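Everything numeric here is computed off the predicted structure, so don't read it as measured data. Residue numbers begin at 1 in each chain, while the letters A, B, ... track the order of the sequences. Below, all heavy atoms of this structure are taken into account, side chains as well, without hydrogens, waters or symmetry copies.
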There are 2 protein chains.
Amino acid sequence: MMQRQAPLYARLEAYIASKGLRSTTQRRCIADAFFSGPRHLTIEELLARVREQDPQIGYATVYRTLKLFAECGLAAERDFGDGRTRYELSDESNEHHHDHLICLVCGKIIEFHNEKIEALQIKVADKLGFRIERHNHEIYGSCASCVASEAR
Amino acid sequence: MMQRQAPLYARLEAYIASKGLRSTTQRRCIADAFFSGPRHLTIEELLARVREQDPQIGYATVYRTLKLFAECGLAAERDFGDGRTRYELSDESNEHHHDHLICLVCGKIIEFHNEKIEALQIKVADKLGFRIERHNHEIYGSCASCVASEAR
DNA sequence: GTAATTGCAAATGGTTTGCATGTAA
DNA sequence: TTACATGCAAACCATTTGCAATTAC
């Protein structure tokens with residue numbers, strides 16, 4: 001376990017304890033894969049990482065465990081329109097909130113954060129008396145390298 | 001057919017003719033329901049409207065026809081995270097582009113448009129050399145009336 | 001006439017669930 | 001000891017597809 005992931009483990013263990021759940025080898029293994037892995041992984045990708053450590057882990061366990069992580073606020077579910085749910089560290093587990101640019105050519109996912117957009121969203125909602133809980137903001141198109149290789 | 005929907009019919013018929021497809025009673029009936037109905041309808045809702053006119057129409061036909069409308073640029077598919085795809089008139093069939101606020105309590109869908117947000121998105125993408133094709137921007141929370149009834 | 005379209009039912013595919021077995025506390 | 005968790009297979013559910021019958025042109 002890397003140093004910077006220790007707080008995430010601690011939060012997970014605290015949640016598990018507070019709910020009367022159990023700390024299992026599978027959950028710890030999936031937590032390892034999720035906390036240290038690349039962002040925006042699908043269940044399938046996560047399962048592959050997890051099975052490098054323990055080939056016996058079933059895919060239903062990964063589904064259930066990521067739902068658990070989402071429930072306790074460690075993970076966020078993302079839908080980028082390709083039919084598979086992706087998981088990433090939640091905003092609070094992370095440095096800060098971010099949104100995404102998704103390359104339709106190579107599949108690359110780029111994170112962005114723009115304070116002005118965030119502020120304007122709040123303004124739009126306020127004007128309508130709407131109380132914001134969360135938002136999705138995804139920009140689809142072609143990333144710089146795909147635009148470049150297309151031009152060739 | 002109402003006056004303001006005539007251009008939409010014309011575009012549909014033009015597309016159908018240009019592709020060597022056929023103008024069927026089912027397609028015209030589904031077009032009626034879609035062009036004149038409320039926005040953001042699911043296939044199931046659309047099917048119900050369509051069957052008021054012609055109870056024989058099958059649901060696969062509605063799926064196929066809405067895909068056709070999307071293909072020819074008349075319809076836009078929307079995913080508000082509840083597992084059902086919704087269809088609305090595309091930006092070009094409509095007055096202008098818009099995004100959505102979705103009430104998680106009552107399900108109300110409110111449209112919004114903010115030029116500053118649009119401009120900032122382009123700025124974010126430009127800085128990364130990313131070419132935008134489209135975007136999703138959804139704000140989830142509680143609408144004014146649900147916030148009010150909660151306060152009671 | 002013939003190629004596109006329809007309606008039905010079956011297939012698909014990601015995700016969820018029931019259940020018998022295993023295991024943490 | 002006794003709930004909770006796991007792994008498997010089956011179920012789910014929105015959507016898609018194969019196919020025989022129908023229809024537009």
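- Taking the six-membered ring wherever Trp is involved, the centroid distance between the rings of B:Tyr87 and B:Phe34 does not fall below 6.0 Å.
- For the pair B:Ile57 CD1 and D:dT22 P, the interatomic distance rounds to 17 Å; values are reported in whole Å.
- Here the two rings, on A:His137 and B:His137, have centers that are under 6.0 Å apart.
- For A:His100 and A:Phe80, the ring centers are positioned less than 6.0 Å apart.
- Using a 4.0 Å heavy-atom distance criterion, B:Glu44 is classed as making no nucleic acid contact.
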At under 4.0 Å between heavy atoms, which parts of nucleotides 15-24 of chain C does protein reach? Answer with one letter per nucleotide, 5' to 3': B base, S sugar-phosphate only, - none. BBBB-----B

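- Salt-bridge formation is not detected for the pair A:Glu77/A:Arg86: no Lys NZ or Arg NE/NH1/NH2 atom is positioned less than 4.0 Å from an Asp or Glu carboxylate oxygen.
- Separating the CG atom of A:Leu66 from the C1' atom of D:dA5 is a distance of 16 Å, rounded to the nearest angstrom.
- To the nearest angstrom, P of C:dA4 lies 14 Å from CD of B:Glu71.
- Pairs of residues two or more places apart, or lying in two chains, that qualify as salt bridge (charged side-chain N to carboxylate O under 4.0 Å, His left out) and include a residue from residues 109-135 of chain B are A:Glu150-B:Arg131, B:Arg39-B:Glu111.
- With rounding to whole Å, B:Asp54 atom CG is found 11 Å from C:dT6 atom P.
- Phosphate contact (OP1/OP2 of D:dT23, side-chain N/O of B:Gln26, threshold under 4.0 Å): absent.
- Spacing between atom CZ of B:Arg27 and atom P of D:dC25 amounts to 10 Å, rounded to whole angstrom units.
- Nearest-nucleotide mapping onto DNA chain C: of B:Ile16 and B:Arg51, the residue sitting toward the 5' end is B:Ile16.
- Ionic pairing of A:Arg84 and A:Glu44 is not present here: no N-O contact between side-chain nitrogen and carboxylate oxygen is shorter than 4.0 angstrom.
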